[in-house]
Amino acid sequence: MKSNGINPLVNTVVRQCLANDEEFQLFGSSGTGRAMLDFRFATDLESHEPQKVFDLVRWGGQFVFCSRDLAEVKATSDKFGKYGFDIETPPSFVREPFPFLPFLGRKVHYFRARKMQLIPPGDVTDRFTYMVELTGQKEKHKGRYVVTKRVPTDEWVINRLKRRWPELPYETVQKRAKKFTEKIFPLFLTREAAILKILQQHLPPNYRDRVPQPICVEKDSRGFVRMLQMNWLRNGGKSRSQLDFALQAADLLRAIHDTAEVIHLDLRLDNMVVTPSGVGFVDFGSAVRVGEDISSNPLLATLYGELMKTSHIQRMLDQMTISGHVTAEHFCQSRGRVDKSVDVFYLAVQFNSPHDNPDLKELIDFKPGSDEARALGKLTRNILTPEDTLNPPIKTAKDVLRALESVNGQLKRS
């Protein structure tokens, strides 16, 4: 049984509606508590307000509510339909098993709702700059949901700017918002669409399904992309070890750097996924091509110059360099620059704390203090603070992959 509860109402719905469901078979989980799940169940006796459920369901996951009270099911379904969920199965019912006379079994009412939004309606966050959601235009990609990324509205950007700089006059905020929606965001979304095409053209076939594939774009009269649709790299499936997570991430980065010749530049855990196909990377909005001359475009030069000063990764690299936790010269030299080393630095940091992304907690078997965790921690220190700071043995993604393979061999022998 894969339902996250033993309530008989839930079990009845699972047996009759989900037991043979392909998605439930692949992504169903027995996890409970505060873990983010692909399928979460509740009855009248449990919390079932959409505001409380939202952060307990993975993006694209489903919430299933079961009750004997049809009115409660209908009312709760209406609430979820207005709070970033699509009603996958409207209020329906099944009957509990009844010996010899099934039609006499008591009714169990239920509905299924799929989480389509990344953030709750009306919320403003610094984590996402575009409007990103799952959309049900299934005919566009083999009958599956697709990820739709849009240039945000002026109002959405104004709300973010007001939250960050409440002292600014409204006219100033409005002017800045217009610049973002008319120039900056379309420019970066156009670049992302182009980078994704490059990845699909140049990555080896067995890596292409671990980065987004562009499906559809909508452009404005100037030729800038205003809407980009991609296939959905869905978190889920079987959990994997911390070392396997690190190995797959390093291998993918090696292919992106050396074969596709692309630099990601924003390789945070938020932009890593663990799918049934393996570890993948998303959000290539800041990516550049190896050797690309950013300086030839004044607007790009300004934007990337600012990005290389203010991005989360660059701030962390600055802090760790100043504190002495990064001494390798190639990392120190990459501060404020568009360079492959920026990706390698953050990869080495990220695989030591994979649970910092709540979406990955149930998908990566991470045990602090284990032999595996200690070995990876030691490797990260060797990468960031090598004995020979000018000529370290591990500089590239390919070097990191080889070092991880060596760690894997040592752990197996021990």
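The basis for the numbers below is simple: all heavy atoms, side chains too, and nothing from hydrogens, waters or symmetry mates.
Within 6.0 Å of CD in Q201 there are more than 12 heavy atoms belonging to other residues, nucleotides or ligands. Counting non-hydrogen atoms of neighbouring residues, nucleotides and ligands closer than 6.0 angstrom, the CD atom of E155 reaches no more than 12 such neighbours. Around CG of D388, the count of heavy atoms belonging to other residues, nucleotides or ligands within 6.0 Å exceeds 12. For H325, the NE2 atom is loosely surrounded, since the number of other residues' heavy atoms within 6.0 Å does not exceed 12.
Both the sub-6.0 Å distance and the 45° axial angle are not jointly satisfied by R210 relative to the ring of F281. No cation-pi contact links K115 to F85, judged by a cut-off of 6.0 Å to the six-membered ring centre and 45° from its axis.
Under a 4.0 Å N-O distance rule, the pair R234/D359 does not qualify as a salt bridge. At a threshold of 4.0 Å, the pair E292-R191 counts as salt-bridged, since one of the basic side-chain nitrogens sits closer than that to a carboxylate oxygen. We find that R68 and D44 are not joined by a salt bridge, their nearest charged nitrogen and carboxylate oxygen being 4.0 Å or further apart. The existence of a salt bridge linking K79 and E49 is confirmed by a sub-4.0 Å separation between a basic side-chain nitrogen and an acidic carboxylate oxygen. Salt bridge annotation for D266-R268: present, with a cationic side-chain nitrogen under 4.0 angstrom from a carboxylate oxygen.
Under a 3.5 Å cut-off, the side chain of R289 and the backbone N or O of E261 do not form any donor-acceptor pair. In this structure, the side chain of R315 engages the main chain of T310 through a donor-acceptor pair within 3.5 Å. A distance-only check finds no donor-acceptor pair linking the side chain of D38 to the backbone of G61 [under 3.5 Å]. Remark: the backbone N or O of G377 is paired with a side-chain donor or acceptor of N352 at under 3.5 angstrom. The main-chain N or O of L411 is found under 3.5 Å from a side-chain atom of S414 such that the two form a donor-acceptor pair. A donor-acceptor pair under 3.5 Å is absent between the side-chain atoms of Q62 and the main chain of A113, judged by distance alone. Under the 3.5 Å distance criterion, the side-chain polar atoms of R335 are left unmatched by any main-chain donor or acceptor of F331. With hydrogens and angles disregarded, no donor-acceptor distance shorter than 3.5 Å links the side chain of D283 to the backbone of N271. Using modelled atom types, no side-chain atom of T327 and backbone atom of G324 make a donor-acceptor pair closer than 3.5 Å. Counting only distance, with no hydrogens or angles, the side chain of H330 and the backbone of L390 share no donor-acceptor pair below 3.5 Å.
The ring-ring contact (aromatic ring centres under 6.0 Å, His included) check on F224 picks up nothing, with sequence neighbours excluded.
A heavy-atom distance below 4.5 Å is found between the side chains of I364 and H355. Between R413 and N408, every side-chain heavy-atom pair lies at or beyond the 4.5 Å cut-off.
Ring-plane geometry between F111 and F65 is classed as tilted, the angle between the planes lying from 30 to 60 degrees on a 0 to 90 degree scale.
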Verdict with supporting geometry, R114 and E23, side chain to side chain contact (heavy atoms under 4.5 Å, CB included): CA-CA 12 Å; R114 188 181 297 275; E23 181 179 353; 2.9 Å; yes

V349 and M316: side chain to side chain contact (heavy atoms under 4.5 Å, CB included), yes or no, with the steps? CA-CA 10 Å; V349 173; M316 177 177 282; 4.1 Å; yes

Walk me through whether S406 and Q410 qualify under side-chain hydrogen bond (donor to acceptor under 3.5 Å, both in side chains). CA-CA 6 Å; S406 177; Q410 293 169 11; 3.2 Å; yes

For L56 and K52, run side chain to side chain contact (heavy atoms under 4.5 Å, CB included): C-alpha distance rounded to whole Å, both residues' side-chain angles, the deciding distance at 0.1 Å, then the answer. CA-CA 8 Å; L56 300 177; K52 295 181 179 179; 5.9 Å; no

Chi angles and distances behind the ring pair (Phe, Tyr, Trp, His ring centres under 6.0 Å) call for F39, F27: CA-CA 8 Å; F39 283 83; F27 294 101; 8.0 Å; no

Is there a salt bridge (Lys or Arg N to Asp or Glu O under 4.0 Å) between R374 and D371? Walk through the geometry before answering. CA-CA 5 Å; R374 288 199 301 269; D371 290 346; 2.4 Å; yes

Given E372 and S241, is the side chain to side chain contact (heavy atoms under 4.5 Å, CB included) satisfied, shown in steps? CA-CA 9 Å; E372 185 177 70; S241 70; 3.6 Å; yes

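Within the model, atoms CG of L45 and CG of N7 stand 7.0 Å from one another, a figure rounded to the nearest 0.5 Å. Going from atom SG of C17 over to atom CZ of R112 covers 7.5 Å, rounded to the nearest 0.5 Å. Atom CG in L376 sits 10.5 Å away from atom CZ in R381 (nearest 0.5 Å). Interatomic distance, S341 OG to E329 CD, rounded to the nearest 0.5 Å: 10.5 Å. The CG atom of D339 sits 9.5 Å away from the CD atom of Q333 when rounded to the nearest 0.5 Å. In this structure, F351 CZ and Q248 CD are separated by 14.0 Å, a value rounded to the nearest 0.5 Å.
Between D69 and S67, the side chains place no donor N or O within less than 3.5 Å of an acceptor N or O (distance only, hydrogens not considered). Judged by distance alone, the side chains of S239 and D365 never bring a donor and an acceptor atom under 3.5 Å apart. Side-chain atoms of T302 and E306 include no donor-acceptor pair closer than 3.5 Å. D21 and Q25 share no side-chain donor-acceptor pair at under 3.5 Å. With 3.5 Å as the limit, one finds no donor-acceptor pair spanning the side chains of T321 and D318. Remark: the E46 side chain and the T43 side chain contain an N/O donor-acceptor pair separated by less than 3.5 Å. With no hydrogens or angles considered, no side-chain donor-acceptor pair links E72 and H109 at under 3.5 Å. In this structure, a donor-acceptor pair under 3.5 Å is present between the side chains of R254 and Y207.
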Please report, to 0.1 Å, the donor-acceptor pairs under 3.5 Å made by any side chain of residues 173-189, with sequence neighbours excluded.
residue, atom, partner, partner atom, Å
K178, NZ, D154, OD2, 3.1
T181, OG1, D154, OD1, 2.7
T181, OG1, A177, O, 3.2
T181, OG1, K178, O, 3.3

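In terms of heavy atoms, S296 sits closest to P298 at O-CD, 3.7 Å. Closest heavy-atom contact between P368 and A373: CA-CB, 4.2 Å. The nearest pair of heavy atoms linking A397 to V344 is N-CG2, 3.7 Å. For the residue pair V262 and A287, the shortest heavy atom distance occurs at CG1-CB, 4.0 Å. Taking every heavy atom of both residues into account, V338 and Y304 meet most closely at CG2-CD2, 4.2 Å. Across all non-hydrogen atoms, the minimal contact from G236 to L363 is N-CD1, 3.5 Å.
With T148 as reference, Q229 is the one residue of E133, E218, Q229 to meet the side chain to side chain donor-acceptor pair (under 3.5 Å) rule.
Among residue pairs with one or both ends in residues 391-402, those qualifying as side-chain hydrogen bond (donor to acceptor under 3.5 Å, both in side chains) are T396-D399; sequence neighbours excluded.
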